[in-house]
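Every chain is numbered from 1, with letters handed out A, B, ... down the list of sequences. As the structure is a computational prediction, the values presented were derived from the model and not from experiment.
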2 protein chains.
Amino acid sequence: MPPAAGTADAGKRGRSAAWLHAGSLRPTRQRLVLAELLVGDGRDRHVTAESLHEAAQDIGASVSLATVYNTLRAFCDAGLLTEVTVDGTRSYFDTRVDDHPHYYWEEEGRLSDAPNDAVQLVGEPVAPEGAEVARVDVVIRLRRRR
Amino acid sequence: MPPAAGTADAGKRGRSAAWLHAGSLRPTRQRLVLAELLVGDGRDRHVTAESLHEAAQDIGASVSLATVYNTLRAFCDAGLLTEVTVDGTRSYFDTRVDDHPHYYWEEEGRLSDAPNDAVQLVGEPVAPEGAEVARVDVVIRLRRRR
DNA sequence: CTCAATGCAAAGTATTTGCAACCGA
DNA sequence: TCGGTTGCAAATACTTTGCATTGAG
């Protein structure tokens with residue numbers, strides 16, 4: 001068992017480290033920085049590689065863009081994040097890993113969670129013969145009301 | 001190879017030409033070829049730029065890939081096609097322009113229409129303050145059943 | 001000490017754009 | 001003729017990869 005691993009400042013670091021641990025990923029400096037930015041305060045986040053890279057720079061942490069991409073991919077493979085496809089030109093990553101609907105603000109290219117009751121699906125989606133449903137993506141595309 | 005014809009078929013040409021006309025687009029040779037491949041038989045289609053380009057080559061028509069891209073974009077702008085984003089790495093274009101759910105076969109990267117009763121939305125999706133719903137994308141991701 | 005993780009730059013994809021030649025009305 | 005269209009190649013935007021270096025266990 002982890003010999004009471006460096007529980008120096010169990011506050012912030014605790015959550016990120018535990019999160020990485022849950023995905024069986026080594027807590028390297030870069031991963032801790034990114035994990036902290038993603039789940040540090042417990043709120044759900046929707047980021048792009050670019051936005052996360054900027055966020056890291058803003059707090060003075062140096063993580064290369066390639067590493068941000070690779071790390072997001074690793075987080076996804078470990079089941080810590082979900083990739084959401086809404087734009088075609090870039091990938092969004094969501095810290096919520098359950099199947100839920102999204103709002104996509106077209107003008108700003110911003111993604112956010114939609115309240116559970118924003119849409120209601122009746123029953124289970126039907127899968128054709130020989131296939132099974134892996135996931136149901138629901139994206140509510142929004143436009144500013146004029 | 002010999003100029004395999006000017007496609008002097010009134011029957012087929014009719015539908016494609018009318019379709020282009022509906023979008024106020026000039027019926028050029030390339031556009032007629034692509035339109036014919038898209039709506040020639042009246043069935044709904046889901047294509048990528050790449051797949052449509054191949055289809056054109058398969059029938060001996062020469063249309064450059066750049067033109068396929070530009071033309072698909074023009075068809076979309078004219079409201080003749082809808083762009084569907086499911087994969088992130090490529091764009092799909094659907095000849096059905098109404099809001100309807102899709103099946104996405106992950107292994108094959110194939111997109112198809114889902115029957116109307118595959119999913120049912122209850123009522124209108126809720127839009128947050130100051131915004132209105134532009135469209136609701138529903139993608140049922142499928143996996144081959146083992 | 002060992003092997004996974006990182007950083008950088010180069011390589012890939014998918015798509016768009018600049019511009020001269022072309023063609024449909 | 002004239003302006004919209006096409007084709008090609010070069011440019012773009014995003015993402016992945018090769019490889020030498022670094023660092024966690």
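The separation between B/Leu72 atom CG and C/dA14 atom P is 15 Å, rounded to whole Å. Atom P of nucleotide D/dG4 and atom CG of B/Asp77 are separated by 15 Å, given to the nearest angstrom. One can place NE2 of A/His21 at 17 Å from P of D/dA24, the figure rounded to the nearest angstrom. B/Phe75 has its CZ atom 11 Å from the P atom of D/dT5, to the nearest Å. Rounded to whole Å, atom C1' of D/dT5 lies 11 Å from atom CZ of B/Arg29. Protein atom CG of A/Leu20 is 11 Å distant from nucleotide atom P of D/dG25, rounded to whole Å. One atom, CG of A/Leu25, and another, C1' of D/dA24, lie 14 Å apart when rounded to the nearest Å. The CG atom of B/Asp87 sits 14 Å away from the C1' atom of C/dT15 (whole-angstrom rounding).
Residue A/Gln30 has a polar side-chain atom (N or O) positioned under 4.0 Å from OP1 or OP2 of C/dG7.
Counting only distance, with no hydrogens or angles, the side chain of B/Thr82 and the backbone of B/Arg96 share a donor-acceptor pair below 3.5 Å. The main-chain N or O of A/Val63 is found under 3.5 Å from a side-chain atom of A/His53 such that the two form a donor-acceptor pair.
A/Tyr103 pairs by the side-chain hydrogen bond (donor to acceptor under 3.5 Å, both in side chains) definition with nothing, not counting sequence neighbours. A/His102 meets the ring pair (Phe, Tyr, Trp, His ring centres under 6.0 Å) test with A/His46, A/His100; sequence neighbours excluded. By the salt bridge (Lys or Arg N to Asp or Glu O under 4.0 Å) test, A/Arg26 pairs with no residue at all, sequence neighbours left out.
Residues B/Asp137 and A/Arg141 are in side-chain contact: their nearest non-hydrogen atoms beyond the backbone lie under 4.5 Å apart. Using a 4.5 Å heavy-atom threshold, the side chains of A/Val136 and B/Val138 count as touching.
Checked for salt-bridge contact, A/Glu106 and A/Arg144 miss the test: no charged N lies under 4.0 Å from a carboxylate O.
Members clustered with B/Val97: none, using a 4.5 Å side-chain heavy-atom cutoff among hydrophobic residues.
No contact: B/Ser24 has no heavy atom under 4.0 Å from any strand. If you check every strand for non-hydrogen atoms under 4.0 Å, B/Thr67 touches a base.
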What's touching nucleotides 2-4 of chain C from the protein side, N or O pairs under 3.5 Å?
from, atom 1, to, atom 2, distance (Å)
C/dA4, O4', A/Arg26, NH2, 3.3

Review item, nucleotides 15-22 of chain D N/O atoms under 3.5 Å of protein N/O:
from, atom 1, to, atom 2, distance (Å)
D/dT15, OP1, A/Ser91, N, 2.7
D/dT15, OP1, A/Ser91, OG, 3.4
D/dT15, OP2, A/Tyr69, OH, 2.6
D/dT16, OP1, A/Arg73, NE, 3.1
D/dT16, OP1, A/Arg73, NH2, 2.9

